[in-house]
Amino acid sequence: MYPLIRFVKEMIKFRNAPPLSPIEAHVSTHICWPWDLDPWIELNNGRTLTLYDLGRIPMAQRTGLISVMRKKRWGITVAGNSTRYRRRIRMFDRFTMISRVIGWDHRFIYMEQSMWRRGECCNHMLLRSAVTSSEGIVAPSRIMEALDMTFDSPPLPDWVQAWIRADATRPWPPEIPPEAKAHLPA
């Protein structure tokens with residue numbers, strides 16, 4: 001289940017926080033609750049991705065993106081991600097989440113998010129996001145214009161560019177092994 005109560009808490013908590021430029025970091029603190037756990041009594045990997053919403057959406061609010069999207073009837077979607085898990089977050093651990101936009105290209109906005117506990121990075125995610133309208137993907141340059149921002153994207157780091165190139169080689173739709181094809185509905 002989506003953590004709606006926590007989501008509302010984060011939105012209320014940061015409703016009067018100072019505005020952020022599109023490339024400034026949003027920092028928030030969270031607790032790993034019993035309902036966030038997997039059978040090994042640590043933060044579930046799928047829940048980690050859901051909790052990252054609790055960093056991205058308040059960050060979007062603080063940059064002014066949410067009000068622009070409402071006004072223009074735009075939406076936002078995750079278009080891809082890659083996550084590294086290195087340290088466990090256990091029940092009742094308090095952790096800090098850092099969320100920031102790294103930059104953008106002609107279609108997508110690239111963000112990184114990380115969770116930190118006692119000074120150690122527990123996991124790190126690279127995320128590609130797209131703002132959408134009834135006509136399709138909204139160019140990030142148009143988004144910046146709507147935010148009254150006139151600067152270009154910072155250069156995307158080499159590791160982000162490498163991920164973009166690698167992801168472009170991935171087949172779509174995915175190839176289905178012959179033994180699995182029989183199990184797909186017609």
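At least one side-chain heavy atom of F7 sits less than 4.5 Å from a side-chain heavy atom of L54. For the pair F95/T29, no side-chain contact is recorded, criterion being any heavy-atom separation below 4.5 Å from C-beta on. With a 4.5 Å cut-off on side-chain heavy atoms, M125 and M115 do not count as touching. Two residues are said to be in side-chain contact when any heavy atoms from C-beta on lie closer than 4.5 Å; S129 and T77 fail this criterion. Looking only at side-chain heavy atoms (C-beta outward), T63 and V101 stay at 4.5 Å or farther from each other. Residues T132 and I76 fail the side-chain proximity criterion, which asks for heavy atoms closer than 4.5 Å. Counting heavy atoms from C-beta outward, R86 and C122 have side chains that stay 4.5 Å or more apart. The side-chain heavy atoms of L37 and L43, taken from C-beta on, include no pair separated by under 4.5 Å.
Taking all atoms of both residues into account, the shortest heavy-atom contact from M69 to G75 is SD-O, 4.1 Å. The nearest pair of heavy atoms linking P140 to F108 is CG-O, 3.7 Å. Across all their heavy atoms, P34 and M91 have their closest contact at CG-SD, 3.6 Å. Minimum interatomic distance between L147 and L65 (heavy atoms only, all atoms of both residues): CD2-N, 3.7 Å. Across G103 and S153, no two heavy atoms sit closer than the pair CA-OG, 3.2 Å. Across all their heavy atoms, L20 and A25 have their closest contact at CD2-O, 3.8 Å.
Distance check, rounded to the nearest 0.5 Å: CE of M97 to OG of S28 gives 5.0 Å. Rounding to the nearest 0.5 angstrom, the gap separating the CZ atom in F14 from the CD atom in Q61 is 10.0 Å. We find the OG-CG distance between S141 and D152 to be 9.0 Å, quoted to the nearest 0.5 Å. To the nearest 0.5 angstrom, E24 atom CD is 4.0 Å from S21 atom OG. Taking CZ from R73 and OG from S134, the interatomic distance works out to 9.0 Å, rounded to the nearest 0.5 Å. How far CD of E10 is from NE2 of H26: 6.0 Å, rounded to the nearest 0.5 Å.
For D167, the side chain to side chain donor-acceptor pair (under 3.5 Å) partners are R128, not counting sequence neighbours.
Surrounding CD of E179 are more than 12 heavy atoms belonging to other residues, nucleotides or ligands, all under 6.0 Å away. Within a 6.0 Å sphere centred on CG of L184, other residues, nucleotides and ligands contribute more than 12 heavy atoms. More than 12 heavy atoms of other residues, nucleotides or ligands sit less than 6.0 Å from atom NZ of K13.
Linking Ile, Leu, Val, Met, Phe, Trp and Tyr residues whenever their side-chain heavy atoms come within less than 4.5 Å places W74 and V78 in a single cluster. Each of I102 and M111 belongs to its own hydrophobic cluster when Ile, Leu, Val, Met, Phe, Trp and Tyr are linked at side-chain heavy-atom distances under 4.5 angstrom. Using a 4.5 Å cut-off between side-chain heavy atoms of Ile, Leu, Val, Met, Phe, Trp and Tyr, with links allowed through other members, I143 and L127 fall into the same hydrophobic cluster. Side-chain heavy atoms closer than 4.5 Å link hydrophobic residues (I, L, V, M, F, W, Y) into clusters, and following such links, possibly through other members, connects Y2 to M11. Residue V131 is not grouped with residue I137 when hydrophobic side chains (ILVMFWY) are merged at heavy-atom distances under 4.5 angstrom, including chains of intermediate members.
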Please test I57 against I66 for side chain to side chain contact (heavy atoms under 4.5 Å, CB included), starting from the C-alpha separation and ending with a verdict. CA-CA 8 Å; I57 298 172; I66 298 228; 3.8 Å; yes
For a side chain to side chain contact (heavy atoms under 4.5 Å, CB included) check, start with the C-alpha distance between I31 and D93, then their side-chain angles and the critical distance, and finish with the verdict. CA-CA 6 Å; I31 295 172; D93 279 350; over 6 Å; no
Intermediate values then yes/no, side chain to side chain contact (heavy atoms under 4.5 Å, CB included), L156 and I164: CA-CA 10 Å; L156 291 171; I164 294 167; 3.9 Å; yes
Decide side chain to side chain contact (heavy atoms under 4.5 Å, CB included) for M149 and F151; before the verdict, give the C-alpha distance in whole Å, the side-chain angles of both, and the deciding distance to 0.1 Å. CA-CA 6 Å; M149 303 286 171; F151 56 91; 3.8 Å; yes
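Within the structure, side chain to side chain donor-acceptor pair (under 3.5 Å) contacts touching residues 104-114 (residues at least two apart or in different chains) are R56-Q113, S99-Q113, R100-E112, D105-Y110, E112-H124, S114-W116. Within the structure, side chain to side chain donor-acceptor pair (under 3.5 Å) pairs that include any residue of residues 31-52 comprise R6-D36, D36-R47, E42-R88, Y52-N123 (at least two apart or interchain).
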